[in-house]
Amino acid sequence: MRQFETLLLFSPELSADNREGMLKNIVAIIEREGGKIEKIDQWGMRDLAYPVRKQMRGYYVLVVYEGPSALVAELERNLRITEGIFKFLTVRLDEDEDSDKKEEAA
């Protein structure tokens with residue numbers, strides 16, 4: 001299984017409960033598609049470099065997970081149709097980098 005990370009930009013107008021509900025849905029999609037969550041890092045409210053949907057602030061969340069490649073397609077399909085998520089970016093983490101870190105730790 002490959003390791004991925006998805007950076008999400010939520011609307012600043014969402015309440016904390018709504019954000020938590022959306023994150024639970026994202027986790028459920030990842031687990032349903034055979035993935036495993038490794039880390040959810042909430043960066044909080046940040047200023048944006050340029051307006052996104054007429055907003056100058058956004059709430060950032062980083063989700064690190066591993067799973068099959070088909071999982072990313074399904075997750076991104078769901079993110080596109082979810083109201084309240086302005087932008088997202090998914091990248092595959094370098095497998096060689098992970099093995100180097102494991103060797104250094106040993």
Side-chain angles (χ1 to χ4, degrees):
M1 292 216 278
R2 294 200 164 139
Q3 190 175 28
F4 300 94
E5 68 180 16
T6 300
L7 182 63
L8 303 161
L9 175 61
F10 287 96
S11 168
E13 298 170 347
L14 289 174
S15 69
D17 292 337
N18 285 347
R19 273 194 311 268
E20 289 301 318
M22 291 173 137
L23 280 173
K24 285 181 183 177
N25 288 339
I26 291 167
V27 169
I29 292 167
I30 291 170
E31 290 174 348
R32 182 185 72 213
E33 296 296 317
K36 185 180 85 172
I37 298 289
E38 293 187 8
K39 178 174 73 168
I40 296 178
D41 189 10
Q42 297 193 24
W43 294 358
M45 198 69 69
R46 303 279 176 112
D47 290 332
L48 304 176
Y50 56 89
V52 176
R53 297 190 190 173
K54 299 183 181 178
Q55 298 288 330
M56 286 302 296
R57 292 181 60 79
Y59 192 90
Y60 284 92
V61 177
L62 178 71
V63 181
V64 180
Y65 54 95
E66 62 180 34
S69 299
L71 168 118
V72 175
E74 178 63 16
L75 178 63
E76 288 186 349
R77 185 187 72 79
N78 281 280
L79 292 175
R80 278 187 200 94
I81 61 175
T82 302
E83 290 292 321
I85 297 179
F86 285 171
K87 291 183 174 272
F88 60 89
L89 176 69
T90 301
V91 294
R92 186 183 80 198
L93 298 178
D94 191 11
E95 295 162 1
D96 295 333
E97 180 179 312
D98 293 338
S99 62
D100 291 342
K101 287 181 183 176
K102 290 178 185 174
E103 289 175 9
E104 289 174 7

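For the atom pair CD1 (I81) and CD (E76), the distance works out to 13.0 Å, reported to the nearest 0.5 Å. Note that CZ of R46 and CZ of R57 are 10.0 Å apart. Values are rounded to the nearest 0.5 Å. Here NZ of K36 is found 11.0 Å from CD of E31. Values are rounded to the nearest 0.5 Å. With values rounded to the nearest 0.5 angstrom, E5 atom CD is found 10.5 Å from E38 atom CD. The structure places CG of L62 at 6.0 Å from NZ of K39, a figure rounded to the nearest 0.5 Å.
Within the 4.5 Å cutoff, the side chain of P68 has heavy atoms near those of the M1 side chain.
Using a 4.5 Å cut-off between side-chain heavy atoms of Ile, Leu, Val, Met, Phe, Trp and Tyr, L79 falls into a hydrophobic cluster with F4, L8, F10, L14, M22, L23, I26, V27, I29, I30, I37, I40, M45, Y59, V61, V63, Y65, L71, V72, L75, I85, F88.
Residues L48 and Y50 share a single hydrophobic cluster, defined by chaining ILVMFWY side chains whose heavy atoms lie under 4.5 Å apart.
Looking at every heavy atom in both residues, N78 comes nearest to R32 through ND2-NH2, 4.4 Å.
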Might you work through the side-chain contact (heavy atoms from CB on, under 4.5 Å) test for L93 and V64, ending with a clear yes or no?
CA-CA 9 Å; L93 298 178; V64 180; 4.2 Å; yes

